[in-house]
Number of protein chains: 2
Amino acid sequence: MLTRYNHSTRILIALDCIVFGFDGEELKLLLIKRDFEPERGKWSLMGGFLNEDEDLEVAANRILYDLTGLKDIYFEEIKTFGEINRDPVERTVSVCFFALINIHAHSQDAAKAQNAFWISLKDRPDLIFDHSNMVDLALERLRYRAALHPIGFELLPEKFTIPQLQKLYEAIYDTPLDRRNFSRKILSTKLLIDTGEKNENSATKKAILYKLDQEKYQKQFNAFHYFVSDFKV
Amino acid sequence: MLTRYNHSTRILIALDCIVFGFDGEELKLLLIKRDFEPERGKWSLMGGFLNEDEDLEVAANRILYDLTGLKDIYFEEIKTFGEINRDPVERTVSVCFFALINIHAHSQDAAKAQNAFWISLKDRPDLIFDHSNMVDLALERLRYRAALHPIGFELLPEKFTIPQLQKLYEAIYDTPLDRRNFSRKILSTKLLIDTGEKNENSATKKAILYKLDQEKYQKQFNAFHYFVSDFKV
DNA sequence: TTAAAATTGTGTCATAATAACACGTTTTGA
DNA sequence: TCAAAACGTGTTATTATGACACAATTTTAA
């Protein structure tokens with residue numbers, strides 16, 4: 001009986017995560033200002049290595065927890081990056097994923113401990129290694145998925161208004177949307193529950209606060225469509 | 001300057017591939033009857049290990065070439081499987097992908113050398129490790145992608161008829177489709193070019209043979225939609 | 001030689017979804 | 001109290017979709 005495979009190379013496995021947030025106006029990334037080697041002082045994605053005694057999915061959750069203090073974050077694997085020289089220190093294969101969080105609900109202490117900062121997508125700096133490619137792919141995938149599934153809600157607080165939701169979609173697709181058609185389309189999904197409350201922060205007419213119908217969200221995850229001109233990708 | 005990462009575990013990286021084919025009636029898988037250890041005599045996916053001096057994508061192409069004798073096969077990464085005990089021999093992380101090929105265009109010698117056989121999806125045997133989960137996920141992903149992008153053509157010969165294309169979609173989604181609406185929808189994409197030839201194999205009215213407009217295929221890859229009841233997933 | 005059977009190509013129609021656009025309401029503050 | 005800004009809902013024309021009918025082609029058998 002075999003106990004190991006012979007003639008094969010063991011390689012470091014990393015995980016790198018694109019964390020998206022939304023501040024009400026712009027889509028943002030939670031990036032790390034590195035105060036450790038290699039590439040100290042440069043910007044990178046949050047990442048880590050897969051441990052010997054750890055499932056890949058568990059490792060992803062660990063890395064997200066260390067960054068945000070949150071558990072059960074919504075995330076999707078995007079792609080595994082495996083070019084020979086993508087990491088100049090040592091051959092490393094990286095499993096890349098994106099996560100969506102409520103920008104106001106994570107731990108400031110955790111972010112500080114990782115030296116993490118929210119950066120607008122439009123202002124994003126160069127990132128180390130192939131991390132900029134990862135962000136490009138993550139944004140593309142976010143647009144793809146958000147057009148087909150109601151994952152945008154993961155970026156909003158529990159209670160939100162339709163105009164806030166529209167601003168989110170406009171940020172994701174970097175395009176203006178018609179207020180009236182957007183409202184009709186979103187309401188037709190029956191995913192929103194009127195909380196009876198209104199947005200008291202508004203300086204003009206206060207918009208209705210809705211929350212997500214969690215049961216329908218699960219059921220209709222695959223039935224939701226919000227095409228924005230064939231994804232604009 | 002660092003030359004290696006310390007305190008991290010190096011792990012075997014495998015690649016496993018689900019190869020789909022279409023015989024005109026049914027969707028099929030190219031599976032390996034293992035004549036090597038571990039799990040000799042059982043069925044598995046085609047796979048292999050990532051080499052030290054090899055890009056991940058190059059490795060995928062190598063594995064597909066060894067199995068089919070073909071280069072430039074259409075394939076998509078699905079997911080990286082990384083549970084601790086998924087391979088009982090040794091901790092192995094597997095990058096899983098699916099490939100689409102013309103069932104009649106690959107090398108019989110290559111298949112014979114790998115002990116590979118076409119098996120109908122409906123008759124598929126139990127597979128080793130987590131390979132059955134991989135096939136489940138691959139089928140789901142194929143349905144998802146084929147509803148949004150014209151990848152089904154990768155499973156057909158260069159020249160094909162609309163009824164053949166319809167049978168392919170019916171096999172992918174395991175559901176009957178209306179002949180007239182299907183034809184209208186496919187022709188409206190303008191992706192098909194009438195070759196002027198007809199299918200001489202038919203015992204009744206000979207259908208028009210079309211070929212794919214390669215230029216439009218590239219351009220409209222993201223604009224093609226063929227929803228079948230919200231993917232039925 | 002012709003009629004039946006199988007299959008293909010094209011057309012119609014009612015309904016649903018979408019995009020473009022208008023109007024009235026609420027709220028604050030000048 | 002009235003103007004400005006933002007919100008909620010409605011209308012209409014166009015397009016897409018699903019359900020369905022009919023005529024044309026080809027082989028086979030009467």
Side-chain angles (χ1 to χ4, degrees), chain A residues 24-25 146-148 150 156 159-171 173 175-211 220 222-232, chain B residues 24-25 146-148 150 156 159-171 173 175-211 220 222-232:
Chain A
E25 295 294 333
L148 297 165
L156 294 177
K159 295 175 186 175
F160 53 85
T161 68
I162 290 182
Q164 284 169 355
L165 186 61
Q166 183 179 337
K167 281 198 171 175
L168 170 60
Y169 275 82
E170 290 178 329
Y173 295 102
T175 190
L177 297 172
D178 184 88
R179 207 164 50 80
R180 297 151 292 189
N181 293 336
F182 182 84
S183 177
R184 174 160 43 80
K185 186 136 191 182
I186 292 296
L187 289 173
S188 75
T189 65
K190 310 277 186 193
L191 284 172
L192 301 193
I193 299 173
D194 187 334
T195 64
E197 298 169 62
K198 298 203 166 186
N199 179 16
E200 296 300 333
N201 298 327
S202 175
T204 58
K205 184 171 179 180
K206 298 175 190 345
I208 298 168
L209 281 164
Y210 291 90
K211 62 178 181 181
Q220 293 177 215
N222 286 310
F224 175 96
H225 299 146
Y226 194 82
F227 287 111
V228 177
S229 303
D230 299 333
F231 313 124
K232 293 220 171 181
Chain B
E25 296 294 332
L148 296 164
L156 294 176
K159 295 175 186 177
F160 53 86
T161 68
I162 290 183
Q164 285 169 354
L165 185 61
Q166 182 178 339
K167 281 197 172 175
L168 169 60
Y169 275 83
E170 291 177 329
Y173 295 103
T175 190
L177 297 171
D178 184 89
R179 204 165 52 79
R180 297 152 291 189
N181 293 335
F182 181 85
S183 177
R184 172 160 45 86
K185 187 138 193 181
I186 292 296
L187 289 173
S188 76
T189 66
K190 311 277 187 191
L191 283 171
L192 302 192
I193 298 172
D194 186 335
T195 64
E197 299 169 61
K198 299 204 165 188
N199 179 16
E200 297 298 333
N201 298 327
S202 173
T204 59
K205 184 172 179 179
K206 300 177 190 342
I208 298 167
L209 282 164
Y210 292 90
K211 62 178 179 179
Q220 294 178 213
N222 286 309
F224 175 95
H225 300 145
Y226 195 84
F227 287 112
V228 177
S229 304
D230 299 333
F231 313 123
K232 295 219 171 181

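Source: prediction; values computed, not measured. Throughout, protein chains are lettered first and strands after them, A, B, ... in sequence-line order, and every chain is numbered starting at 1.
Taking atom CD on Glu25(A) and atom P on dA6(D), their separation rounds to 10 Å, with Å as the unit. Separating the CZ atom of Phe182(B) from the C1' atom of dA16(D) is a distance of 17 Å, rounded to the nearest angstrom. When rounded to the nearest whole Å, the span between CD of Gln164(B) and P of dT8(C) equals 9 Å. Between Gln166(A) atom CD and dG8(D) atom C1' the separation is 13 Å, expressed in whole Å. As rounded to whole Å, 13 Å separates atom P of dT8(C) from atom CG of Leu165(B). Atom NZ of Lys198(B) and atom C1' of dT7(C) are 12 Å apart (whole Å). In this structure, Asn181(A) places its CG atom 12 Å from C1' of dT11(D), rounding to the nearest Å. Summarising the geometry, the separation between CG on Asp178(B) and P on dT7(C) is reported as 16 Å, rounded to the nearest angstrom.
Rounding to the nearest 0.5 Å gives a distance of 5.0 Å between CD of Gln220(A) and CG of Leu191(A). To the nearest 0.5 Å, the span separating NE2 on His225(B) from OG1 on Thr189(B) amounts to 12.0 Å. Between the CG atom of Leu209(B) and the OG1 atom of Thr195(B) there is a distance of 5.0 Å, given to the nearest 0.5 Å.
A heavy atom closer than 4.0 Å to some atom of DNA chain D occurs in Thr204(A), Lys205(A), Ala207(A), Ile208(A), these being the qualifying members of residues 199-211 of chain A.
Residue Lys211(A) places its NZ atom among 12 or fewer non-hydrogen atoms of other residues, nucleotides or ligands, all under 6.0 Å distant. Counting heavy-atom neighbours within 6.0 Å of Lys159(A) NZ, excluding the residue itself, gives a total of 12 or less.
No hydrogens or angles were tested; on distance alone, a donor-acceptor pair under 3.5 Å links the side chain of Arg180(A) to the base of dA22(C). With hydrogens and angles ignored, a donor-acceptor pair under 3.5 angstrom links the side chain of Arg184(B) to the base of dG18(D).
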Query raised in the report: Where do Leu187(A) and Tyr210(A) land on the side-chain contact (heavy atoms from CB on, under 4.5 Å) test, with the steps shown first?
Result: CA-CA 10 Å; Leu187(A) 289 173; Tyr210(A) 291 90; 4.0 Å; yes
Show which side-chain atoms of residues 179-186 of chain A pair as donor or acceptor with protein atoms under 3.5 Å away, not counting sequence neighbours.
| from | atom 1 | to | atom 2 | distance (Å) |
| --- | --- | --- | --- | --- |
| Arg180(A) | NH2 | Asp178(A) | OD1 | 3.0 |
| Asn181(A) | OD1 | Arg184(A) | NH2 | 2.6 |

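Listed pair Lys185(B) / dA16(D) fails the phosphate criterion, with no side-chain N or O lying under 4.0 Å from OP1 or OP2.
When distances run from any side-chain atom of Arg179(A) to the nucleotides dC7(D), dC20(D), dT17(D), the shortest one goes to dC7(D). Residue Pro163(B) has its side chain nearest to dG9(C) when only dG9(C), dG8(D), dC21(C) are considered.
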